[in-house]
Amino acid sequence: MSGGAAAWIGRGGLALLGAALLAVPFVLPELGYGFWVNIVTEILIWSLLAASVNLLFGYVGLLSFGQALFFGFGMYGATLAVIHWEAGFWTGLLAGTLAATAMAAVAGALAVRLTWHYFAIITVVFSLIFYFAAMSNKTLTGGDDGLSFSAPAVFDMAGVTVTLADPLAQYFSVLGVVAACYAIMGVVVRSPLGLAFAAVRENDRRARLIGIDVYRTRLVAFVLAGALAGVSGALFAFFGRYASASYMVYHVSGEAVVWAIVGGIGTLLGPLFGTALLIVFRELVSTVWENYLFAVGGLTVLVVMFAPLGLAGLWRGALGRLTAPRAAPAEAPADPVAPSADARAVPGGR
Amino acid sequence: MEPAIALETRGLTKRFGGLVAVDGVSFSLRSGRVNAIIGPNGAGKTTLFNLVTGELRPDDGEVLAAGVPITGLPPHRIVREGVSRTLQIKSVFGGLTVADNVRAAVMAHQGIRSAFRPAASYRAVGERVDALIDEVGLARHRDRKASALSYGDVALLELALALAAEPKLLLLDEPVCGMGPEETERAVARIRAVASKVDVVIIEHDMEVVFSLASHIVVMASGAILAEGTPDEISRDPRVQEAYLGAPEDDE
Ligand SMILES: Nc1ncnc2c1ncn2[C@@H]1O[C@H](COP(=O)(O)OP(=O)(O)OP(=O)(O)O)[C@@H](O)[C@H]1O
Ligand SMILES: [Mg+2]
């Protein structure tokens with residue numbers, strides 16, 4: 001069947017992507033593009049923040065403009081653990097993730113009582129409060145200037161110490177963590193919990209009437225998304241060896257929303273492609289034009305206008321046409337995680 | 001012995017601002033027969049269902065399902081007490097396939113919430129899903145998205161979602177509204193089959209459907225009970241005729 005063929009092409013594409021990512025730190029420097037290894041690393045890290053927006057918006061139907069808050073908690077959790085407890089990479093990552101998760105549990109307990117624009121507004125309010133708190137509490141956070149630290153160990157055993165200063169160790173640590181996050185997300189969205197997410201996104205009233213605790217389901221998603229954003233923030237702290245309150249500002253949240261939408265809401269890897277496209281575009285254009293943000297905005301508008309389901313939607317459409325040339329194109333493949341357009345167009349009324 | 005009671009309300013009241021949508025409604029609907037609630041538009045029938053299923057909180061009064069007080073419980077808890085419903089405006093999960101619609105409902109009912117196993121890998125759930133889809137006659141559409149179904153099929157899917165919770169009491173809000181004659185006939189047959197196993201309370205404007213299904217009828221007008229009795233008694237009641245003639249009727 002064509003669905004099978006599409007699945008195989010999809011798997012092939014995934015394998016190709018994996019191989020390309022594994023080859024990056026070996027091939028790009030050979031070609032004289034060593035600098036781009038860092039860009040790819042940055043894309044991987046930021047894509048998790050976009051993935052966290054996508055988990056909420058694409059899978060449960062909640063649009064958050066405050067994910068930078070949890071990014072910031074991940075960043076500071078990791079940084080403070082390194083500075084005060086001499087934590088290594090993994091402990092710092094854990095500390096950052098836990099800090100973000102705890103914050104998400106607290107913020108979520110309030111925020112997910114609301115839906116649609118009320119929800120979006122409260123996420124902004126939360127992140128603003130903590131942004132200003134972090135900016136003014138210079139002794140703890142370093143405020144705008146931030147806190148810096150030197151590259152911690154990734155591996156320290158049997159007398160062998162490898163730190164993040166080793167470019168390969170840094171790249172593969174980040175790639176490993178990011179790949180694990182996507183793998184976990186892939187499992188979760190296909191699970192019974194993921195199906196409950198989809199039910200809540202599609203129709204929260206009907207979800208209640210089949211016995212789903214909508215509040216709890218949204219809260220679980222919110223905490224998971226907070227954890228993802230926390231991992232992203234912790235990785236970014238390790239990548240830059242510093243944390244700054246300036247990353248908790250709502251521009252950062254907004255950018256993540258744009259990356260997720262451009263990449264394709266409600267698809268697992270869409271946020272990765274959206275983030276990649278816009279960061280690469282920014283790198284290319286910013287060297288030749290200082291008002292490159294206009295170009296980024298223009299590109300975003302183009303994608304949203306001509307590919308409302310994002311890059312992932314384009315890819316699916318192409319796959320569909322390739323593998324089913326004579327079938328009606330309207331019927332999307334049976335995919336429990338693909339949201340319907342109308343589910344997101346209407347407010348989640350109560 | 002007293003006959004078993006499927007649904008009882010005591011002085012149930014709901015106000016919207018100055019409007020009393022449900023006004024001190026008390027009734028006892030017996031188990032083992034189809035009960036119908038009829039009444040002109042705006043009589044408060046749907047609001048009454050909303051009070052029973054916990055989607056609205058009553059300002060006053062009590063609801064008991066099979067003798068168990070359920071007043072004030074949230075909707076997802078009331079489903080667990082064995083009360084399911086369909087909505088006047090048919091309501092399913094549009095972006096999901098028919099099978100996933102039903103799967104979500106079966107899993108919610110069975111309390112399956114794992115985050116790690118693929119939802120499609122639960123064998124027993126899958127069998128239950130297929131049985132429910134067969135029961136409402138949607139096997140042909142199993143893998144189609146719900147948003148691609150015809151109106152009548154959406155109504156049948158919604159019925160499957162309601163049945164997935166293995167309810168003792170099923171509330172149907174205008175189940176044949178908007179259907180053509182053929183779809184209506186199909187739906188009525190399904191409802192009759194379901195009613196042999198589950199207590200059914202039906203809100204319906206189509207009198208032919210009401211009279212063919214129900215053996216007990218409650219008539220509501222302006223939030224209150226106007227009359228109650230067998231179809232025969234109701235059809236002869238002058239107050240009922242007046243209520244229907246006095247208010248504009250859009251069906252028939
Ligand atoms: N959420 C609400 N807020 C305010 N008023 C409401 C609300 N729900 C219902 N009403 C009002 O309460 C009254 C009863 O409405 P309800 O929907 O229960 O009537 P109904 O008997 O189901 O009518 P129909 O046969 O048209 O479906 C109407 O006047 C309606 O406008
Ligand atoms: Mg109604």
Side-chain angles (χ1 to χ4, degrees), chain A residues 1 3 55 58-61 183-217 220-221 223-224 227 265-266 309 328 330-346 349-350, chain B residues 50 53-55 74-81 83-87 89-122 125 142-148 157-158 160-167 171:
Chain A
M1 283 283 290
L55 180 62
Y59 289 96
V60 221
I184 292 171
M185 263 210 336
V187 170
V188 169
V189 298
R190 279 169 185 75
S191 72
L193 180 66
L195 188 56
F197 286 174
V200 168
R201 173 195 71 211
E202 292 294 319
N203 185 342
D204 59 338
R205 184 174 187 197
R206 176 45 69 189
R208 271 185 202 97
L209 289 173
I210 62 171
I212 291 176
D213 185 339
V214 170
Y215 172 76
R216 201 171 79 171
T217 306
V220 168
V223 171
L224 281 178
I265 278 296
L309 298 176
E331 200 82 35
D335 184 343
V337 297
S340 65
D342 44 294
R344 279 176 283 112
V346 290
R350 347 192 76 208
Chain B
N50 289 339
T53 56
E55 289 172 276
H76 66 271
R77 292 283 311 283
I78 289 178
V79 183
R80 271 176 238 165
E81 294 297 329
V83 182
S84 280
R85 78 177 285 190
T86 63
L87 298 178
I89 296 165
K90 305 297 164 246
S91 161
V92 297
F93 305 114
L96 306 188
T97 62
V98 167
D100 278 331
N101 266 268
V102 181
R103 194 187 322 279
V106 170
M107 287 185 149
H109 172 60
Q110 298 186 357
I112 298 172
R113 286 190 288 260
S114 161
F116 303 109
R117 232 180 106 179
S121 75
Y122 287 77
V125 171
R142 198 181 174 284
D143 295 316
R144 291 186 76 189
K145 279 207 183 181
S147 56
L157 175 57
E158 197 192 27
L161 295 185
L163 291 175
E166 300 181 71
L171 310 176

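First the proteins, then the strands, lettered A, B, ... as listed; each starts at 1.
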Considering residues at least two apart in sequence or located in another chain, which fulfil the side chain to side chain donor-acceptor pair (under 3.5 Å) criterion with B:R77? none
Can you list everything that forms a side chain to side chain donor-acceptor pair (under 3.5 Å) with B:R85? Sequence neighbours excluded, please. B:N50, B:T53, B:E55
Pick whichever of A:L209, A:V214, A:I212 has the most heavy-atom pairs under 4.5 Å with chain B. A:L209
Which one wins on heavy-atom pair count under 4.5 Å against chain A: B:A99, B:A115, B:P167, B:S84? B:A115
Mind ranking B:S114, B:A108, B:A104 by heavy-atom pairs under 4.5 Å with chain A and telling me who comes out on top? B:S114
Heavy-atom pair count under 4.5 Å with chain A, highest-scoring of B:R80, B:M107, B:H109: B:M107
Kindly indicate whether the side chain of B:V102, heavy atoms from C-beta on, has any atom under 4.5 Å from the side chain of B:L157. yes
Contacting moiety of B:A165, where chain A heavy atoms sit under 4.5 Å: neither
Does any backbone or side-chain atom of B:V92 lie under 4.5 Å from a heavy atom of chain A? Answer side chain, backbone, both or neither. backbone
Under 4.5 Å heavy-atom distance to chain B, tell me which part of A:A196 shows up: side chain, backbone, both or neither. neither
Interchain contact, B:I78 with chain A, by part (heavy-atom threshold 4.5 Å): neither
B:A105 versus chain A, heavy atoms under 4.5 Å apart: side chain, backbone, both or neither? both
